[in-house]
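Only one structure is covered here, and it is reproduced in the block below.
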Amino acid sequence: MTYDINQPDAAPAVCRGDGKPGPGCSPAPDRITLGVEIQRLGRAVRRYLGLTMPASAREATDGNASIIMFLDRHRGDEIFQHDIETRFCITRSTASRVLTRMEHKGLIIRKPVARDARLKRIELTDKADRIVADLAANGNRAETSLTVGFTPDELARLRDYLARMHRNMDTALDTAARSQPTRAPARPTDHPEPSPAAGQLTASIIHYERNTIKEGKERNQ
């Protein structure tokens, strides 16, 4: 049993054993689930990035900016539409629509590959290249604001916790998907590679990419 330490002059009041506050007990703090907290944090970061979007990148929406930075980090890799779908957890139709708009804006080009004419790798244009540095700087500012007061050890442990949560959720998603025949099983992911821009910790919170790119390459060989 616990007592109210905020009333030193009064007889200690016993709190109820069922977790509900009794006479003299302070109410239990409102606990929000981790999933909701992570969603709230992700939305806050996206709002910040939107409000501080560099003038040079105003043409790129929040989603466009994320894809641009993803492509910039993987310039040496062959990136296809299915990699975008997996990396950002979006449907084929959504990915196709977003990429088509980016192509019309002159931010990306899609090039066929020699081994399979049906495949088109996605590359950044010179126009997108010119805004990468500004997006990276803005992402770094968001990262700095997000991690104020954290020690390197705390950040390392936080990344580990987030990675474990991702693995747990991957397992749960796979189990849920397998119970519904109309849906494909969830694709497993692994640890995120450090992102130099657009918020390293933000990227850790939202998605992982190393395994998905590797799997995409293997499928296309």
Worked verdict on R130 versus D126 for salt bridge (charged side-chain N to carboxylate O under 4.0 Å, His left out) | CA-CA 6 Å; R130 288 193 291 270; D126 291 340; 5.6 Å; no
Given side chains that start at C-beta, do those of L49 and N138 come closer than 4.5 Å, heavy atoms only?
-> yes
Neighbour count >12 (heavy atoms, 6.0 Å) for atom CE, M169 = no
Any F80 side-chain heavy atom under 4.5 Å of V113 side chain = yes
Looking only at atom types and distance, does a side-chain atom of Q81 sit under 3.5 Å from a main-chain N or O of R92, one as donor and one as acceptor?
-> yes
Stepwise side chain to side chain contact (heavy atoms under 4.5 Å, CB included) check, N64 with K105 = CA-CA 10 Å; N64 291 171; K105 292 178 183 179; 2.8 Å; yes
Which of R101, K127, E103 passes side-chain contact (heavy atoms from CB on, under 4.5 Å) with I108? It is E103
Out of curiosity, M69 CE to D72 CG, how far, rounded to the nearest 0.5 Å?
-> 5.0 Å
Applying side-chain hydrogen bond (donor to acceptor under 3.5 Å, both in side chains), name anything that partners T94, two or more places apart in sequence or on another chain.
-> T91
To the nearest 0.5 Å, atom CG of D170 lies from atom CE of M165 at 13.0 Å
Mind checking whether R97 and I90 have side chains closer than 4.5 Å, heavy atoms only?
-> no
L146 versus L41: any side-chain heavy-atom pair under 4.5 Å?
-> yes
With distance as the sole test, does S179 use its side chain to make a donor-acceptor pair with the main-chain N or O of A176 at under 3.5 Å?
-> yes
Rounded distance [0.5 Å steps], CD1 in I122 versus CD1 in I109 = 11.0 Å
Stepwise, does the side chain to side chain contact (heavy atoms under 4.5 Å, CB included) test hold for F88 with V98?
-> CA-CA 12 Å; F88 295 97; V98 170; over 6 Å; no
Side-chain heavy-atom pair R110, T100 within 4.5 angstrom cut-off | yes
Taking side chain as C-beta onward, heavy atoms only, is M53 less than 4.5 Å from L135?
-> yes
Heavy-atom nearest pair, I32 first then R40, reads CD1-NH1, 2.7 Å
Is the backbone of T151 close enough, under 3.5 Å, to the side chain of E154 for a donor and an acceptor to pair up by distance?
-> yes
Please examine the side chains of E123 and I79, heavy atoms only from C-beta on, and report whether any two atoms are closer than 4.5 Å.
-> no
Can you name the nearest heavy-atom pair linking A95 to E85, along with the distance?
-> CB-CG, 3.5 Å
Residue pair R75 / L124, side-chain heavy-atom distance below 4.5 Å | yes
Nearest 0.5 Å, what's the OG1-CZ distance between T171 and R167?
-> 9.0 Å
How far does CD1 of I68 sit from CD1 of I131, to the nearest 0.5 angstrom?
-> 4.0 Å
Are more than 12 heavy atoms from other residues, nucleotides or ligands located less than 6.0 Å from atom NZ of K120?
-> no
So, for Y48 and S145, which heavy atoms are closest and what is the spacing to 0.1 Å?
-> OH-OG, 4.1 Å
When rounded to the nearest 0.5 Å, the distance separating OH of Y161 from CG of L34 is 12.5 Å
